[in-house]
Amino acid sequence: MSTLRTALTELVGVQHPVVQTGMGWVAGPRLVAGTANAGGLGILASATMTYTELESAIAKTKTLTDKPFGVNIRADASDAPHRIDLLIRESVRVASFALAPKQELIAKLKAAGVVVIPSIGAAKHAKKVASWGADAVIVQGGEGGGHTGPVATTLLLPSVLDAVDIPVVAAGGFYDGRGLAAALAYGAAGVAMGTRFLLTQESTVPDSVKHEYLARGLQDTTVSRKVDGMPHRVLNTDLVNSLEHSGNMRGLVAAAHNASKFKAMTGMKWSTLVKDGLAMKKSSDRTWQQIIMAANTPMLLKAGLVEGNTHAGVLASGQVVGLLDDLPTCKNLIDGIVADAIKRIDVLGALRA
């Protein structure tokens, strides 16, 4: 099939300018390898993994694909330097970050030949990481799922493109060839998608939960601050509605309970959790209440996306969920998106004539 050569495909060495984002509890070896084998860039989500689990996930992914893939790392995690050493040792192609990594970490990765792609939410953040040596950025507009901002992709994307001269990958609201063609027309080097890849055959999310997503419409997501204190786009559920109408004290009590469960699940020491909280506070503008509530996120997402308990968990989702009605393979998804984008670009070219 025909392909689209962009700054992203050249930088990373993938066939197609399509990225599968590092969704916690969702982006494991099967989905990442499925994306990579289909010609896109798959990114492992390590924030919900212990170091040992990440080590195993990388090894498993390498048995499933010989194509380039990435790992998403929490830049403020206390063991981030050790995880970066792991990526270098295992020759992982891309290091992705939800928060801006320190300048010295970027330099260390680049010196080892690892491509550094932070996710950012504003032009000023893109300029900062570009000045530190980041190779590219992913910019997510407010339509996107999970932690998100207030500005739509159609406004945020051009502002970032005007601010930096490194490749920019557009996220938030993308799911088909029209979106890819539009992003390329703006000047982006590709698109990144979360919800669309969550709803594929390679995704390990329980089928019952996938069908819960497929039954939703365009108005069925909400941006809540009651999940973890930060704007978080999720599906409307009874739990989310309950959280939205609850007081701050209930959220703090739930967070403390979930922090204890997260500690037990990961084997982390309380001192490590406290150290991570201090690092999070230092690297962001979050209040202490928001830091404490951050413990809600991994456990509430795990209940919904791993255990299939939609009554006790939250389901991160982009607004695009209301436009999805199928569960394709990663190959069928990516092939279809790229083929459709090429057709639409050709049609635009004919308009000039």
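One is the number of the first residue; the rest follow in order along the sequence.
- Between L4 and P17, the shortest heavy-atom contact is O-CD, 3.7 Å.
- The backbone N or O of V116 sits less than 3.5 Å from a side-chain atom of D135, completing a donor-acceptor pair.
- When side chains are defined from C-beta on, L54 counts as touching L86, because their heavy atoms get closer than 4.5 Å.
- Each of S96, S46, S119 was scored for a side chain to side chain donor-acceptor pair (under 3.5 Å) with N72, with one residue passing: S96.
- For R233 and T148, the side-chain atoms include no donor-acceptor pair closer than 3.5 Å.
- A salt bridge is defined here as a Lys NZ or Arg NE, NH1 or NH2 lying under 4.0 Å from an Asp or Glu carboxylate O, and E212 with R216 meets this definition.
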Exercise for the section: Mind running side chain to side chain contact (heavy atoms under 4.5 Å, CB included) on T9 and T6 for me, showing each step along the way? Expected result: CA-CA 5 Å; T9 61; T6 73; 3.8 Å; yes
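- Looking at T204 and R30, their side chains come closer than 4.5 Å, going by heavy atoms from C-beta outward.
- Tracing side-chain contacts under 4.5 Å through hydrophobic residues (I, L, V, M, F, W, Y), one reaches V26 starting from V18; they form part of the same cluster.
- Within 6.0 Å of NZ on K210 lie more than 12 heavy atoms contributed by other residues, nucleotides or ligands.
- Side-chain contact between L11 and V115 is present, with at least one heavy-atom pair separated by less than 4.5 Å.
- Under a hydrophobic clustering in which Ile, Leu, Val, Met, Phe, Trp and Tyr are joined whenever their side-chain heavy atoms come within less than 4.5 Å, directly or via other members, V209 and V240 fall into the same cluster.
- In plain terms, the two heavy atoms of L333 and P328 that are nearest each other are CB-CG, 4.0 Å.
- The distance from atom CE of M193 to atom OG1 of T21, rounded to the nearest 0.5 Å, is 9.0 Å.
- In this structure, E104 places its CD atom where more than 12 heavy-atom neighbours from other residues, nucleotides or ligands lie under 6.0 Å away.
- Shortest non-hydrogen contact noted between I43 and A27 is O-CB, 3.2 Å.
- For K62 (side chain) and E90 (main-chain N/O), a donor-acceptor pair under 3.5 Å exists by modelled atom type.
- Side chains of L180 and F174 form no contact here, defined as non-hydrogen atoms less than 4.5 Å apart.
- Judged by distance alone, the side chain of D335 and the main-chain N or O of N332 form no donor-acceptor pair under 3.5 Å.
- The nearest pair of heavy atoms linking L161 to G187 is CD2-O, 3.4 Å.
- Annotation: the span from F69 atom CZ to I58 atom CD1 amounts to 6.0 Å, rounded to 0.5 Å.
- In this structure, E202 does not pair ionically with K331, as no charged nitrogen and carboxylate oxygen lie closer than 4.0 Å.
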Exercise for the section: Begin with the C-alpha distance, continue with both residues' side-chain angles, and end with the deciding distance and a verdict on side chain to side chain contact (heavy atoms under 4.5 Å, CB included) for R89 and E55. Expected result: CA-CA 11 Å; R89 187 167 68 249; E55 200 171 28; 3.8 Å; yes
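- At least one side-chain heavy atom of I84 sits less than 4.5 Å from a side-chain heavy atom of L109.
- Residues L8 and V160 do not share a hydrophobic cluster, defined by chaining ILVMFWY side chains whose heavy atoms lie under 4.5 Å apart.
- Closest approach of A7 and A189 over heavy atoms only: CB-CB, 4.2 Å.
- Atom OH of Y175 and atom CG of L323 lie 4.5 Å apart (nearest 0.5 Å).
- With hydrophobic clusters built from ILVMFWY side chains whose heavy atoms lie under 4.5 angstrom apart, V191 shares a cluster with I342.
- Qualifying side chain to side chain donor-acceptor pair (under 3.5 Å) partners for T153, counting only residues two or more places apart in sequence or in other chains: E143.
- Proximity of K108 to D85: side-chain heavy atoms (C-beta onward) are separated by under 4.5 Å at one or more points.
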Handout entry: Verdict with reasoning, V139 to H125, per side chain to side chain contact (heavy atoms under 4.5 Å, CB included)
Key = CA-CA 10 Å; V139 53; H125 300 146; over 6 Å; no
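- One N or O on the side chain of Q140 and one on the backbone of H147 form a donor-acceptor pair closer than 3.5 Å.
- Checked for salt-bridge contact, R178 and D340 miss the test: no charged N lies under 4.0 Å from a carboxylate O.
- Within the 4.5 Å cutoff, side-chain heavy atoms of I88 are placed close to those of V114.
- In this structure, E53 contributes its side chain and T50 its backbone to a donor-acceptor pair below 3.5 Å.
- In this structure, the separation between CG on L31 and CD on Q20 is 4.0 Å, given to the nearest 0.5 Å.
- Between S224 atom OG and M230 atom CE the span is 12.5 Å, to the nearest 0.5 Å.
- Once rounded to the nearest 0.5 Å, the distance linking CZ of F97 with CD1 of I73 reads 5.0 Å.
- Salt bridge annotation for R196-D176: absent, with no cationic side-chain nitrogen under 4.0 angstrom from a carboxylate oxygen.
- Residue D238 places its CG atom among 12 or fewer non-hydrogen atoms of other residues, nucleotides or ligands, all under 6.0 Å distant.
- The shortest side-chain heavy-atom distance between V137 and V169 does not fall under the 4.5 Å cut-off.
- No continuous path of ILVMFWY side-chain contacts below 4.5 Å connects V92 to V94, so the two sit in separate hydrophobic clusters.
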Exercise for the section: Show the numbers, then the answer: is there a side chain to side chain contact (heavy atoms under 4.5 Å, CB included) between R344 and V347? Expected result: CA-CA 5 Å; R344 292 174 185 276; V347 168; 5.5 Å; no
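- Judged by distance alone, the side chain of S203 and the main-chain N or O of L198 form a donor-acceptor pair under 3.5 Å.
- Between the side chain of T61 and the main chain of A57, a donor-acceptor pair closer than 3.5 Å is present.
- The two residues Y51 and R83 have their closest heavy-atom pair at N-NH2, 3.4 Å.
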